[in-house]
Amino acid sequence: MRNKRFFSRLSDFVEYGSFREEEYTLSPSHKANIDTDTPENRWLTSVQHSERSAPVRLMDWLKLRGFEVFNNLYRIASVIICITLIAVLLSVVVFLPPFGSDDNPAVNEVVERYVSKTVEETGATNSVAGMISAYRGFDTLGEAHVLFVAACSVIVLLRVDPSERRRGRLVDPGMTGEDLDFEPNSDLILRKAAKLLVPLSFILGLYVILNGTTSPGGGFSGGALMGAGLILCSVAFGFGRTQRFFGDGMYHLVKTVCLASYALMMAYFIFMGANGFDDHVWLGVPGSIISGGLILPINIAVGLEVACTMYCFYALFRKGGL
Amino acid sequence: MTLFEGILLAFLIACAISVSVTRNLLASIIIFMSFSLIMSVLWLTLEAPDLAITEAAVGAGVTSLLFFATLKKIHAIKAEDAKSEEDESDEE
Amino acid sequence: MELVQNFPFLCIVFSLTCGVLCAVLKGRAAKILCLTWLTLTTAMSLAVLIFTLKSDSFYIYRMGKWNAPWGNEIRVGVLEALMATAFSGVMLLSLLGGMHHIFADCEPEKTNLYFTMCALLMSSLFALIYTNDLFTAYVFVEINTIASCALVMLKSSAKTLVATTRYLIMSLLGSGLFLLGIVILYGITGELLMESIAEKVRALFSTGEYSLPLTVIIGLFSVGLAVKSALFPFHSWLPDAHGSATASSSAILSGLVLKGYIIVLIKIFYRVFGLEVIMAKEISQFLFLFGVLAMICGSVGALRERDLKRMLAYSSVAQVGYIYVGIGLHSRLGLIAACVQILAHAVTKPMLFIAAGGFMDVSGGHKSMSAITGAGRRDPLGGIAFTVGALSMIGIPFFAGFVTKLELTQAALGSGNIAMVTALAAIAVSTLLNALYYVPAIFNIFSKNGQSDYKGLRVRYRADYALSCVAFVLLNIGFGAFSEYVVGAVRRGLELFGM
Amino acid sequence: MPDFLMNLFTNYYETAAMILFGIGFTTLLTHRNLIKKIIGFNFMDAAIYLFLAAKGYIAGRLAPIIVDGNTDPSNYVNPIPTGLVLTGIVVSVSVTAFMLALTCRLYDRFHTLDIDEITHLVRKERD
């Protein structure tokens with residue numbers, strides 16, 4: 001294995017995109033052993049006496065120092081990649097229109113329409129909300145499903161079957177306690193703070209979701225806030241507390257109902273719009289909570305979905321299930 | 001260019017570089033958290049309050065929590081401590 | 001607006017919902033729902049194809065109340081409908097062919113998630129085929145990435161986990177570059193809709209403004225999507241991912257997922273930038289070069305492989321090379337060859353993977369060449385399917401693969417001197433290499449050796465596997481026999497594309 | 001100061017974003033530690049979003065939330081980048097969760113976070 005040095009590393013790297021360090025590092029004993037005919041000694045003597053041809057010496061040297069050379073080359077190469085990439089990209093920046101000016105190409109009739117017609121056409125005073133949920137609602141539908149597909153993937157990877165979990169706890173409560181069991185909840189400061197913060201983050205999350213049409217925020221940010229509140233609750237009071245009102249079935253119910261109703265709403269909206277029918281959606285009073293037509297129910301659906309997905313992520317990471 | 005924004009942007013880059021050179025995983029996650037917080041301030045200076053809320057809740061909040069949960073799960077915190085103690089004793 | 005024109009949008013949106021519902025159903029119910037839905041989408045796409053062929057034009061379907069630059073929209077033409085029909089049909093057949101592997105390889109309570117991933121993947125493929133908006137493309141590329149990684153790792157083993165990780169990392173690098181390209185393009189044109197960008201880009205190109213940024217943007221798109229579709233120097237993740245996944249996953253990933261990204265690249269090249277700009281920038285010459293290298297190196301890699309599925313995976317690298325050579329020729333004929341190759345490979349490679357899955361069944365679950373010796377005798381249907389697929393890959397007349405090679409040769413003959421010689425030489429060498437590893441494989445699976453271990457093994461065909469094999473064989477032969485209709489439809493589709 | 005340097009200075013947000021992208025990309029591509037890779041991925045995405053948001057900013061204008069019925073477009077910054085970045089952030093967090101879950105499973109199996117070593121181990125198992 002020892003003589004597998006630079007070139008084999010290189011070929012490994014080219015072929016598999018990776019290599020392993022330990023195999024190539026010189027052991028200390030190997031270094032200390034001076035009298036034997038090691039590549040190191042051969043190299044040293046050959047340098048001193050110049051009795052070997054240059055290629056042979058080079059090969060010996062590479063055999064000897066292969067690992068260090070390769071490691072350094074790898075590091076240097078990554079710095080070079082980084083600098084080249086940055087240089088190329090900066091050369092683009094040089095030609096770009098100046099930052100913050102009002103005549104750059106991005107300011108065009110689309111933007112004007114989004115700003116000036118949002119209230120009239122979508123009923124939302126926050127034109128970002130109007131844009132992502134109504135004008136470009138199809139993108140946002142995709143985005144909600146990106147979160148869903150990621151949640152499913154994490155479930156595939158980390159979910160432990162509940163029956164196994166229970167069995168594991170019965171056999172050895174101490175062993176599985178670290179990850180699979182409930183959080184320790186002995187921290188007084190955390191609990192006191194959580195008593196204040198959990199309701200606060202729920203109310204803030206709800207506020208952000210409901211006011212998504214009139215102020216900054218919306219389904220995603222509000223949902224993330226509520227999710228953070230749920231996580232905090234489980235951290236401070238243990239998973240048992242949250243499990244009482246938010247278990248596996250509840251999670252699936254909320255997720256499915258939210259996503260399906262979101263997709264149905266969007267499908268209705270798109271179908272009516274594309275076929276030129278009137279969709280009979282009351283846009284509400286701009287500026288009040290009930291405004292924005294379908295944006296408000298969409299925000300609620302997205303918010304709930306994001307909240308339970310965020311909590312689901314955390315619960316899966318901590319104990320492998322809800 | 002205001003000095004404030006300049007400092008924040010420089011800090012972002014410093015964060016990015018320090019993550020790739022630091023050895024301690026916990027430190028790099030904390031650096032990532034501060035990176036997210038600075039980003040959310042930058043969103044505010046760019047007149048994008050929607051993003052500031054989202055970044056603060058998602059980037060600095062949930063993502064960092066997930067990182068910590070991962071780290072806890074793989075017991076890297078303990079391993080890192082043991083390793084750094086060893087390193088210190090080696091240096092002595 | 002006629003009802004049939006709504007079908008593409010229904011396919012996209014309700015595939016998403018189908019995925020969501022599959023996640024809460026039990027495995028069997030999810031399977032039935034997913035298969036029913038896929039049958040429906042195939043039928044709907046076929047209806048759309050007939051509609052577009054009849055009307056001989058394309059139509060724009062706006063996703064919402066607002067017209068193009070304000071809202072989203074999708075564009076449905078002959079080429080799009082053809083791809084959608086083929087993809088959805090191949091997805092259905094791939095799932096059918098590997099059904100018992102899915103139930104054997106996935107953990108029982110997570111089997112339903114396999115169908116979730118398939119439905120979401122199908123939705124993203126539809127969206128990538130039909131979309132007319134770059135940012136929508138990005139969002140669905142991400143769904144595609146995560147879902148395809150999940151398809152690899154649903155067969156839970158150490159090998160698939162590592163393969164998934166490396167696949168995911170490469171994909172993320174690719175999407176990062178792709179997104180950066182979109183963002184810079186937005187910065188200099190201010191548009192996300194393909195037609196509007198094309199207008200602006202043409203204006204910028206004629207005045208010579210933003211010349212360097214345009215070059216870099218084309219580079220970013222090319223590299224980003226080339227990484228995701230495993231073009232030659234970036235292919236290292238592919239053999240692991242496709243070789244270790246369950247049979248259906250390998251079939252879907254090789255046959256469809258790689259093609260989804262290439263379709264996006266074709267759209268970006270010819271609908272966003274236009275032939276003129278792409279020709280002038282010369283950056284896509286590299287695509288041609290790498291395509292040629294991929295044709296050779298992929299085949300060499302396959303030749304060295306002793307594991308059947310990894311051999312097929314390396315062969316995919318070579319086949320992707322054919323597509324890029326077609327794109328890199330920068331001519332109408334080249335593009336036709338590329339699109340035909342997308343379709344031909346989509347109906348051939350899944351068949352090979354499904355047959356390989358069948359061989360594993362009759363060889364004790366092993367997939368190395370020595371273990372599957374004689375598997376074609378034990379599983380004649382799979383053997384026939386594999387033989388047809390392999391002959392098609394080599395390029396024997398009357399099979400799908402031959403059509404591509406013919407079209408590509410024609411395209412090469414019509415191009416400039418150096419490109420012509422290189423492309424022709426590459427096709428010749430690649431065909432030879434293909435024959436060198438597929439012909440021994442065919443002999444191997446029909447060899448009389450190795451039967452003694454499996455005496456008394458009576459293969460009882462499952463209806464789904466048999467149906468899938470027969471359908472694939474018929475599809476392949478039909479593709480070869482009626483190639484002029486397929487090529488004609490592709491040609492017409494590209495004309496509607498503005499080519 | 002030469003002209004192009006001046007431009008880099010005017011577009012300071014974009015400059016910083018591109019440097020950040022380079023670093024993030026390189027970390028994701030070449031760093032061996034999986035957690036670092038994931039952090040690098042987050043930096044890379046954040047850099048793209050910063051670039052996009054900077055393209056939408058217009059000096060002296062307000063966030064695009066219509067107040068008092070004032071719908072004059074010249075009062076507000078561009079809402080499109082904000083919407084796109086919002087979508088992007090959610091995509092980033094999804095991918096991050098997925099990759100972290102993968103990392104957990106890999107660590108369970110191989111007891112290391114070094115992707116090269118993991119690849120090597122799994123290759124050895126195969127041989």
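Numbers restart at 1 for each chain; the letters A, B, ... are given by sequence-line order, proteins then strands. Since the structure is predicted, the reported quantities are computational estimates derived from the model, not experimental observations.
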Give the C-alpha distance, both sets of side-chain angles, the deciding distance and a yes or no for side chain to side chain contact (heavy atoms under 4.5 Å, CB included) between Leu65(B) and Val235(A).
CA-CA 11 Å; Leu65(B) 270 175; Val235(A) 169; 5.7 Å; no

If you count the non-hydrogen atoms of other residues, nucleotides and ligands that lie under 6.0 Å from CZ in Phe202(A), is the total more than 12?
yes

Could you tell me which residues in residues 210-218 of chain A have at least one non-hydrogen atom under 4.5 Å from a non-hydrogen atom of chain B, sorted by residue number?
Pro216(A), Gly217(A)

With rounding to the nearest 0.5 angstrom, report the CZ to CG distance, Arg318(A) to Leu66(B).
11.5 Å

Under a 4.5 Å heavy-atom criterion, the part of residues 146-155 of chain A in contact with chain B comprises none

Which atoms of Ile132(A) are under 4.5 Å from chain B, going by heavy atoms: the side chain, the backbone, both sets, or neither?
neither

Can you tell me which portion of Ile231(A) sits under 4.5 Å from chain B's heavy atoms? Options are side chain, backbone, both or neither.
side chain

Spacing of Phe220(A) atom CZ and Ile53(B) atom CD1 [to the nearest 0.5 Å]
14.5 Å

Might you point out which heavy atoms bring Thr54(B) and Ser221(A) nearest each other, and give the distance in Å?
OG1-CB, 3.4 Å

Of the backbone (N, CA, C, O) and the side chain (C-beta and beyond), which part of Leu51(B) lies under 4.5 Å from a heavy atom of chain A, both, or neither?
neither

Measure the CZ-OH distance between Phe68(B) and Tyr314(A) for me, rounded to the nearest 0.5 Å.
11.0 Å

Check whether any side-chain heavy atom of Val58(B) lies under 4.5 Å from a side-chain heavy atom of Val306(A), and answer yes or no.
no

